[in-house]
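Beneath this line is the structure, given in structure tokens, with notes to follow.
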Amino acid sequence: MIQQLSPEEIVRREALDKLRSLGIDPFPAAEFQTNSTAKEIIDLYEEGKSVSIAGRLHNMRDMGKASFAQLQDSTGKIQIYISIDSICPTDDKTLYKEVIKHLIHFGDFIGVNGKLFKTRMGEISIHVESFTLLAKSIKPLPVVKTDKDGVIHDAFTDPELRYRMRYVDLVVNEKVRDTFVARTKIVNAMRNFFNSHGYLEVDTPVLQAIPGGASARPFITHHNALDVPMYLRIANELYLKRLIVGGFEGVYEFSRNFRNEGMDRTHNPEFTVMEIYVAYKDYYWMMDFTEAMIRHVCNEALGTTQVEFGNRTIDFGQQFQRITMTDAIKQYAGFDITGKTESELFSFAQSIGIEVNDAMGKGKLIDEIFGAKCEGNFIQPTFIMDYPVDMSPLCKRHRDNPELTERFELMINGKEVANAYSELNDPIDQRQRFEDQLKLQERGDDEAMFIDQDFLRALEYGMPPTSGMGIGVDRLVMFLTNNEAIQEVLFFPQMRPEKFQSGPNIQDFIALGIPESWAEHVIKAGYDSIEKLKDSKPTAIHQQLNGYRKKNKLEIPAVQLEEVIGWIS
RNA sequence: GAUCUCGUAGCUCAGCUGGUAGAGCAAUACACUUUUAAUGUAUGGGUCCUGGGUUCGAGUCCCAGCGGGAUCACCA
């Protein structure tokens, strides 16, 4: 198989051989010891201090007998200054004249030793005394430049390329790296908060025989030894509750969930939800806890509770608003759902332009009305409370109204971020709710929940009153890092698998009788498959190839028409 | 799934009512020992996503396909 290489790639590959002939290994094995980082050098600058640092080379500026460049490590960039005299103290100037000027390229990893100084322009730099090539880059990175006003030129912005080649994105777009560092800080802050309350981080199965705990289409796989279908989890809720039954009083898990549904800028097939269950608590307690947790995360990970999102500022410092779903609909849709029958809800939903169908029960209708008229209004953090009972099959009935449940969702910027219940622990009621789901399924709701008999058995043994909360980690990170797409907060968002052209095999062409000297050029001239060659007229091939030979001034014998006929017959 | 939109050099992008494929950066060569979007001079670099069609002639117009993006639908 031949690869079509760009001229730049060819230059860099040729540099590998030249380096080796000078005794320089372009991919050495030895450790390179560093004693500083770009950030440290700038923060703790000391004139004349000796440093050793490694990183990727950017923005080389050759000025004859001296060069400037930037070295990028995981903390940022630092300027380096390489002069011919300081790295070639003897008469042999090869290291500078050959290696630095011609064999080192943008993107290479190098290690340098040198002393700190400030240039005339006042930029902190390393005056390099020795350098080591640590790894050659043979594919050129996109060239992104930032001018003195901070304006980025030729930015690497194509989402497809950025997501497919996140490694390139991370190198050339520093803000991307900041987002992912913030993501880790946010997760750590959550974990610290839960641990400081004495709750236990646990792991529960990803591969499940019954995909429970949520309403969604699962990914299906198969276990060979047991010869049964298995599902990737859509939620971990039912497993965490089993642990509460088992006697733990507070458990949480960062759960990677998988849902076989559409993808867009707020949905990825795999996503992360943090779920926590605490015994003897109710959803009022959980609201206070959730609010405190988010405030803690803001302070610890961002250092502020005033968070910019788009052109808005979200204030996590103030007490979060609380409103019941009934009041929210009353306020924004001008309709009181209290005591309404399914057909009344149906007509109202229809009257405000919602596409309705017979598979929709009361809960679904109310949810649609809320989604259409209310959801988008809750920009600042707001708890929406008390959802209808048939929307929430795992949630305890409201202590004051059996039509409702003790459930809240946290809305930020018009989107759901967290969902929490006073958990249903009455096994009789739970079984009934599952059966109601089954009826919805029979009406055509293909996302109603599966019945998990073992979970019901667990509840029959007794589960203490418990409050549980799930928070979409990806969405929270989006809001806290000012990103509007989930793809921006996942290192490797799901993409349609890339098709790599499996190039033609040069040996197949040689096997037809094409001389070795010609085979590569036959492919490059456009006959990139045996079929294509055989489908073409010999005269056309003959002319095309000799034309190619002339154009590229190839030093190989011209092709004869008889030869071509021989290849394709 | 529907609609709109994009696909041109390694990268970012121009390319008008159809008429000889362009710029900047990057690369290559030369000059320059404190530059910083370094600078100056020169050079090379293209399957205009793929396949059909219309036309004397298609990067450009039409159709189909592939891939991306946006909006909507779906998805708490």
Side-chain angles (χ1 to χ4, degrees), chain A residues 4-12 14-15 58-70 77 79-87 96 101-102 105-107 117-125 127 138-164 168 172 214-217 234-235 259-269 271 325 355 363-364 366-368 370-371 375 384 387-388 391-392 407 409 411 415-419 446-447 470 472 484-485 487 495-499 501 523-528 532:
Chain A
Q4 292 286 356
L5 296 175
S6 68
E8 285 186 57
E9 290 175 282
I10 292 165
V11 165
R12 287 170 181 233
E14 285 168 356
H58 284 256
N59 199 17
M60 288 260 284
R61 283 151 280 151
D62 168 16
M63 304 189 41
K65 295 193 172 59
S67 296
F68 286 92
Q70 300 211 271
K77 285 182 185 160
Q79 178 164 267
I80 61 172
Y81 173 73
I82 306 177
S83 68
I84 191 163
D85 298 330
S86 56
I87 64 161
Y96 189 84
K101 281 179 94 105
H102 299 293
H105 294 97
F106 167 42
F117 75 109
K118 278 189 185 172
T119 64
R120 274 182 212 156
M121 303 301 288
E123 180 155 347
I124 294 170
S125 309
H127 194 139
I138 62 168
K139 204 170 179 64
L141 289 161
V143 181
V144 178
K145 293 196 171 185
T146 309
D147 66 22
K148 44 181 159 301
D149 300 324
V151 180
I152 297 171
H153 299 264
D154 299 332
F156 181 63
T157 54
D158 183 330
E160 177 178 14
L161 297 176
R162 287 185 48 232
Y163 301 155
R164 284 197 196 282
V168 172
V172 302
S215 313
R217 280 182 215 108
I234 56 174
R259 296 187 184 178
N260 203 342
E261 288 163 353
M263 299 158 53
D264 57 36
R265 66 192 193 297
T266 56
H267 296 85
N268 194 65
F271 60 101
M325 179 167 253
E355 275 186 49
K364 183 80 179 163
I366 292 170
D367 187 40
E368 289 289 327
F370 181 80
E375 203 170 58
I384 309 297
Y387 284 62
M391 284 172 69
S392 316
R407 169 181 182 179
E409 288 195 352
M411 311 290 297
K415 296 263 160 47
E416 175 207 339
V417 173
N419 181 22
D446 56 355
E447 277 156 6
E484 305 222 22
Q487 287 79 12
M495 305 280 285
R496 185 181 296 275
E498 192 171 1
K499 277 184 199 148
Q501 261 190 335
I523 294 166
K524 283 187 181 166
Y527 299 102
D528 55 6
K532 203 163 176 179

Applying the Watson-Crick and G-U wobble criteria at under 3.5 Å, what pairs with [N]? Answer none if nothing qualifies.
| N | answer |
| --- | --- |
| B:C16 | none |
| B:A64 | B:U50 |
| B:U3 | B:A70 |
| B:A58 | none |
| B:C32 | none |
| B:G10 | B:C25 |

Rounded [atom1] spacing from [N] to [M] in Å:
| N | M | atom1 | result |
| --- | --- | --- | --- |
| B:U39 | B:U34 | P | 16 Å |
| B:G59 | B:U17 | C1' | 16 Å |
| B:U43 | B:C25 | P | 15 Å |
| B:C61 | B:A23 | P | 23 Å |
| B:A64 | B:C4 | P | 11 Å |
| B:G18 | B:U60 | C1' | 6 Å |
| B:G69 | B:G52 | P | 28 Å |
| B:U12 | B:U20 | P | 27 Å |

Tell me whether the side-chain N/O atoms of A:Lys148 come closer than 4.0 Å to OP1 or OP2 in B:A37.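 Looking at the OP1 and OP2 atoms of B:A37, one of them is under 4.0 Å from a side-chain N or O of A:Lys148.
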
Is any side-chain heavy atom of [Y] closer than 4.5 Å to one of [X]?
| X | Y | result |
| --- | --- | --- |
| A:Glu9 | A:Pro140 | yes |
| A:His58 | A:Lys77 | yes |
| A:Glu484 | A:Arg265 | no |
| A:His127 | A:Ser83 | yes |
| A:Met263 | A:Gln487 | no |

Atom [atom1] of [X] and atom [atom2] of [N]: how far apart are they, to the nearest Å?
| X | N | atom1 | atom2 | value |
| --- | --- | --- | --- | --- |
| A:Lys139 | B:A9 | NZ | C1' | 14 Å |
| A:Phe117 | B:U34 | CZ | C1' | 6 Å |
| A:Phe68 | B:U34 | CZ | C1' | 4 Å |
| A:Ile82 | B:A38 | CD1 | C1' | 16 Å |
| A:Leu161 | B:G10 | CG | P | 13 Å |
| A:Arg61 | B:G40 | CZ | P | 15 Å |
| A:Lys415 | B:C75 | NZ | P | 16 Å |

Give me, pair by pair, the N or O atoms of the protein and of nucleotides 3-6 of chain B that are less than 3.5 Å apart, along with how far apart they are.
none

Close N/O contacts between protein and nucleotides 22-31 of chain B (under 3.5 Å):
{"residue": "B:G24", "atom": "N2", "partner": "A:Asp154", "partner atom": "OD2", "Å": "3.4"}
{"residue": "B:C25", "atom": "O3'", "partner": "A:Lys145", "partner atom": "NZ", "Å": "3.2"}
{"residue": "B:A26", "atom": "OP1", "partner": "A:Lys145", "partner atom": "NZ", "Å": "3.0"}
{"residue": "B:A26", "atom": "O2'", "partner": "A:Glu8", "partner atom": "OE1", "Å": "3.2"}
{"residue": "B:A26", "atom": "N3", "partner": "A:Glu8", "partner atom": "OE2", "Å": "3.2"}
{"residue": "B:U28", "atom": "OP1", "partner": "A:His105", "partner atom": "NE2", "Å": "3.0"}
{"residue": "B:A29", "atom": "OP2", "partner": "A:His102", "partner atom": "ND1", "Å": "3.2"}

Among [options], which nucleotide has an atom closest to any side-chain atom of [X]?
| X | options | value |
| --- | --- | --- |
| A:Asp158 | B:A37, B:U34, B:U12 | B:U12 |
| A:Arg164 | B:U35, B:G67, B:C75 | B:G67 |
| A:Pro142 | B:A37, B:U34, B:C11 | B:C11 |
| A:Thr119 | B:U34, B:C11, B:C75 | B:U34 |
| A:Arg120 | B:U36, B:A37, B:U35 | B:U35 |

Minimum-distance pair of heavy atoms, taken over all atoms of [X] and [Y]:
| X | Y | value |
| --- | --- | --- |
| A:Arg407 | A:Asn419 | NE-OD1, 3.0 Å |
| A:Lys118 | A:Ile124 | CE-CG1, 3.8 Å |
| A:Ser67 | A:Tyr96 | OG-OH, 2.9 Å |
| A:Ser125 | A:Thr119 | OG-CG2, 3.4 Å |
| A:Ile152 | A:Val144 | CG2-CG1, 3.5 Å |
| A:Pro388 | A:Ser392 | O-OG, 3.5 Å |

Could you go through nucleotides 69-72 of chain B and list every protein N or O atom that sits under 3.5 Å from one of its N or O atoms, giving the distance for each pair?
{"residue": "B:U71", "atom": "OP2", "partner": "A:Arg265", "partner atom": "NH1", "Å": "3.4"}

Side-chain donor or acceptor of A:Arg217 paired with backbone N/O of A:Glu261 under 3.5 Å: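 No; judged by distance alone, with no hydrogens or angles, the pair does not exist.
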
Counting any heavy atom closer than 4.0 Å, what does [X] reach on the DNA or RNA strands: base, sugar-phosphate only, or nothing?
| X | value |
| --- | --- |
| A:Gln70 | nothing |
| A:Thr146 | sugar-phosphate |
| A:Met121 | base |

Along RNA chain B (nearest heavy atom to each residue), the more 5'-positioned of A:Ile84 and A:Val144: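 It is A:Val144, whose closest nucleotide lies nearer the 5' terminus.
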
Begin from the C-alpha positions of A:Met60 and A:Phe106 and carry the test side-chain contact (heavy atoms from CB on, under 4.5 Å) through to its verdict. CA-CA 7 Å; A:Met60 288 260 284; A:Phe106 167 42; 5.5 Å; no

Can you label the angle between the A:Phe68 ring and the A:Tyr81 ring as parallel, tilted or perpendicular, going by 30° and 60°?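 Ring orientation, 0 to 90° scale: tilted.
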
